[in-house]
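Input: a single structure, listed below in structure tokens.
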Amino acid sequence: MFKGIGHVQLAAPKNSEQQCRAFFGDILGMTEIEKPENLKKRGGVWFECGAHQLHIGIQEPFTPALKAHPAFLMTDIKAFKQQLQHHQVDIKEDEPLEGASRFYLDDPFGNRLEFIQWL
């Protein structure tokens, strides 16, 4: 019955849309997509991530997701890691996962993100 995942949503604090664009768009390289007109009043920003979408929604009061996280499938994780290091993003290594290269980082609001490439 399931076809897949349409989008993943992360929370961010009020008035953080420009920080979202700078981090997810400029640093991570995701493409911003237009929110439907009737949802714009809620704030937040949507991005395209391969065949999927990442929605950053505004949450008050805000609490970051410290354990729960999306895992983004990568095609060239080494090049992506170099891109992040160029932008001085703090990368967190984890225990090895057989058949994969992966790492974590926190977005500007403390949400945990995983990046993984299956080898």
Side-chain angles (χ1 to χ4, degrees):
M1 290 213 172
F2 292 98
K3 185 176 178 179
I5 294 176
H7 72 272
V8 171
Q9 180 155 326
L10 293 174
K14 188 176 181 177
N15 298 319
S16 63
E17 288 83 357
Q18 286 308 102
Q19 279 184 282
C20 290
R21 289 180 178 100
F23 183 76
F24 291 95
D26 298 339
I27 293 174
L28 299 188
M30 295 182 185
T31 302
E32 184 176 350
I33 54 177
E34 191 78 18
K35 287 182 69 170
E37 195 61 41
N38 62 316
L39 299 181
K40 289 181 180 179
K41 63 184 175 244
R42 297 180 182 179
V45 187
W46 290 6
F47 296 93
E48 190 171 65
C49 177
H52 306 287
Q53 294 181 9
L54 175 65
H55 296 182
I56 311 296
I58 301 303
Q59 177 181 310
E60 288 296 321
F62 170 73
T63 303
L66 303 177
K67 179 70 175 172
H69 64 276
F72 298 96
L73 291 174
M74 308 304 293
T75 58
D76 189 346
I77 200 163
K78 287 181 184 179
F80 183 65
K81 187 183 264 189
Q82 289 175 339
Q83 174 181 323
L84 294 173
Q85 290 168 334
H86 173 76
H87 288 284
Q88 300 175 342
V89 174
D90 185 29
I91 293 170
K92 299 175 183 181
E93 300 292 345
D94 197 9
E95 293 182 41
L97 178 62
E98 187 175 339
S101 177
R102 69 179 179 155
F103 61 85
Y104 296 87
L105 59 86
D106 293 336
D107 73 9
F109 319 110
N111 294 308
R112 184 179 190 196
L113 308 176
E114 180 179 358
F115 299 87
I116 187 167
Q117 181 176 356
W118 294 100
L119 308 172

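Hydrogens, waters and symmetry mates are skipped; everything else that's a heavy atom, side chains included, is used.
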Taking the side chain as every heavy atom from C-beta outward, state whether [X] and [Y] have any atom pair closer than 4.5 Å.
X	Y	value
F103	L84	yes
F23	I56	no
N15	I58	no
E34	K40	yes
I116	L73	yes

Quick one: does any side-chain atom of [X] pair with a main-chain N or O of [Y] as donor and acceptor, under 3.5 Å?
X	Y	result
D90	D106	no
E60	K14	yes
N111	P64	no

Would you name the heavy atoms of [X] and [Y] that are closest together and state the gap between them?
X	Y	result
E114	H69	OE1-NE2, 2.9 Å
Q19	P108	NE2-CB, 4.1 Å
I77	Q117	N-OE1, 2.8 Å
F47	C20	CZ-O, 3.6 Å
E17	G43	OE2-CA, 3.4 Å
H7	H55	CD2-ND1, 3.2 Å

- Message: Over 60° means perpendicular and under 30° means parallel, so tell me whether F62 and F109 are parallel, tilted or perpendicular.
- Response: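 Ring orientation of F62 relative to F109: perpendicular.
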Can you tell me if [atom1] on [X] sees more than 12 non-hydrogen neighbours from other groups inside 6.0 Å?
X	atom1	answer
Q88	CD	no
E37	CD	no
L119	CG	yes
K78	NZ	no

Joint hydrophobic cluster, [X] plus [Y], side-chain heavy atoms closer than 4.5 Å:
X	Y	value
I91	F24	yes
V89	L66	no
W46	I27	no
I5	F115	yes

Nearest 0.5 Å please: distance from the [atom1] atom of [X] over to the [atom2] atom of [Y].
X	Y	atom1	atom2	answer
Q59	L10	CD	CG	10.5 Å
E98	W118	CD	CH2	9.5 Å
M30	H52	CE	NE2	11.5 Å
E32	D26	CD	CG	10.0 Å

- Which one of K81, H87, Q85 satisfies the side-chain contact (heavy atoms from CB on, under 4.5 Å) criterion with Q83?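 One option only clears the test, and that one is H87.
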- Item | Trace of the side-chain contact (heavy atoms from CB on, under 4.5 Å) decision for F72 with L54 | CA-CA 10 Å; F72 298 96; L54 175 65; 4.1 Å; yes
